Every structure is written in C-alpha cells, then in structure tokens.
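So the structure is just underneath, and the comments pick up after that.
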Amino acid sequence: DAGLIALLILNEVCLAADTGLGTKEPIRQNSLQAFMSAWVAALPGPEDINHPLLWSEEDQEILQSSSTNRIYRVLDDIEEDVTWLKTNVFEKDGNRFP
C-alpha cells in the first residue's frame with residue numbers, strides 16, 4: 001500500500017511542477033487542483049527529513065549493529081521494491097514516471 005501511495009504522490013509532484021509530466025487523471029475542478037498543488041508544495045523535501053534511510057552508510061552501519069530493527073533488511077526490501085517498480089511500472093511509461 002505504501003508503494004502505491006508513493007506513486008500517487010510522485011504523480012502529484014510531477015503535476016505540480018508543471019513540466020508536462022504526470023498523469024492528469026482524474027480530471028479535477030480548478031479549486032480541487034489548486035488545493036492539491038498547495039498540498040504538494042507543503043510536503044517536506046529530502047533536506048527536511050531526518051530518516052535512517054537517508055543517513056550516510058556509516059551511520060546506517062552503526063544503527064544496524066545497535067538495533068533489533070535491522071536497517072539493512074529494510075534497505076534490501078526497498079531495493080527489491082524499486083527493482084520491481086522499474087521493471088513493471090517506470091520502464092512501461094517514461095512520460096508518466098520520468
């Protein structure tokens with residue numbers, strides 16, 4: 001479910017960037033599209049997020065050795081998901097997912 005939500009958010013980010021990328025479906029009323037554009041603008045960027053997935057490899061290694069929640073297992077799962085998405089989604093339509 002999280003992956004599908006992430007794809008929907010990526011689409012909204014593309015639409016808000018007004019680059020001609022993204023899928024303009026569903027077609028929305030102007031007021032709803034203005035709301036969605038404002039919502040996307042309010043999302044934090046990578047520089048605003050302090051999440052272990054964005055940490056340096058050295059810091060992730062410290063976390064791996066000091067936690068019962070193994071970060072490398074999570075990273076492996078993410079890599080597997082990204083590989084699947086590239087093959088089955090992103091490479092199928094480069095206009096929707098540049």
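Predicted model, so just to flag it, every value in this text is computed and none were measured. We number each residue from 1, following the sequence as shown. These numbers come from the heavy atoms of this one structure, side chains and all, not from hydrogens, waters or symmetry mates.
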Fill in: Rounded distance (nearest 0.5 Å) linking atom NZ of Lys86 with atom CD of Glu91
8.0 Å
Item to complete: Using atom types as modelled and distance alone, determine if a side-chain donor or acceptor of Gln33 lies under 3.5 Å from a backbone N or O of Arg28.
Response: no
Worksheet entry | Cluster link Ile5 to Ile78, ILVMFWY, side chain under 4.5 Å | no
Practice prompt. Could you tell me the separation between the CG atom of Leu10 and the CG atom of Leu85, rounded to the nearest 0.5 Å?
Written response: 9.5 Å
Item to complete: Nearest 0.5 Å please: distance from the CG atom of Asn88 over to the NZ atom of Lys92.
Response: 6.0 Å
Practice prompt. Would you check if the side chain of Thr87 reaches a backbone N or O of Trp84 as a donor-acceptor pair within less than 3.5 Å?
Written response: no
Could you go through residues 38-59 and list every donor-acceptor pair under 3.5 Å that involves a side-chain atom there, pairing it with any protein atom two or more places apart or in another chain?
unit_1	atom_1	unit_2	atom_2	d
Asp48	OD2	Gly45	N	3.1
Asn50	OD1	Trp55	NE1	2.9
His51	ND1	Leu53	N	3.0
Trp55	NE1	His51	O	3.3
Ser56	OG	Asp59	N	3.2
Ser56	OG	Asp59	OD2	3.4

Worksheet item: Same hydrophobic cluster for Leu32 and Val13, using side-chain heavy-atom links shorter than 4.5 Å among ILVMFWY?
Response: yes
Worksheet item: Linking I/L/V/M/F/W/Y whenever their side-chain heavy atoms sit closer than 4.5 Å, directly or via other members, would Val74 and Val82 fall into one cluster?
Response: yes
Worksheet item: Any chance CG of Asn30 has more than 12 other-residue heavy atoms, nucleotides or ligands included, within less than 6.0 Å?
Response: no
Item to complete: Mark yes or no for whether Asn11, through its side chain, and Leu7, through its backbone, hold a donor-acceptor pair below 3.5 Å.
Response: no
Worksheet item: Between atom CD1 of Ile9 and atom CG of Leu4, what is the distance when rounded to the nearest 0.5 Å?
Response: 11.5 Å
Item to complete: Measure across Tyr72 and Gln60 and return the closest heavy-atom pair with its distance rounded to 0.1 Å.
Response: OH-C, 4.3 Å
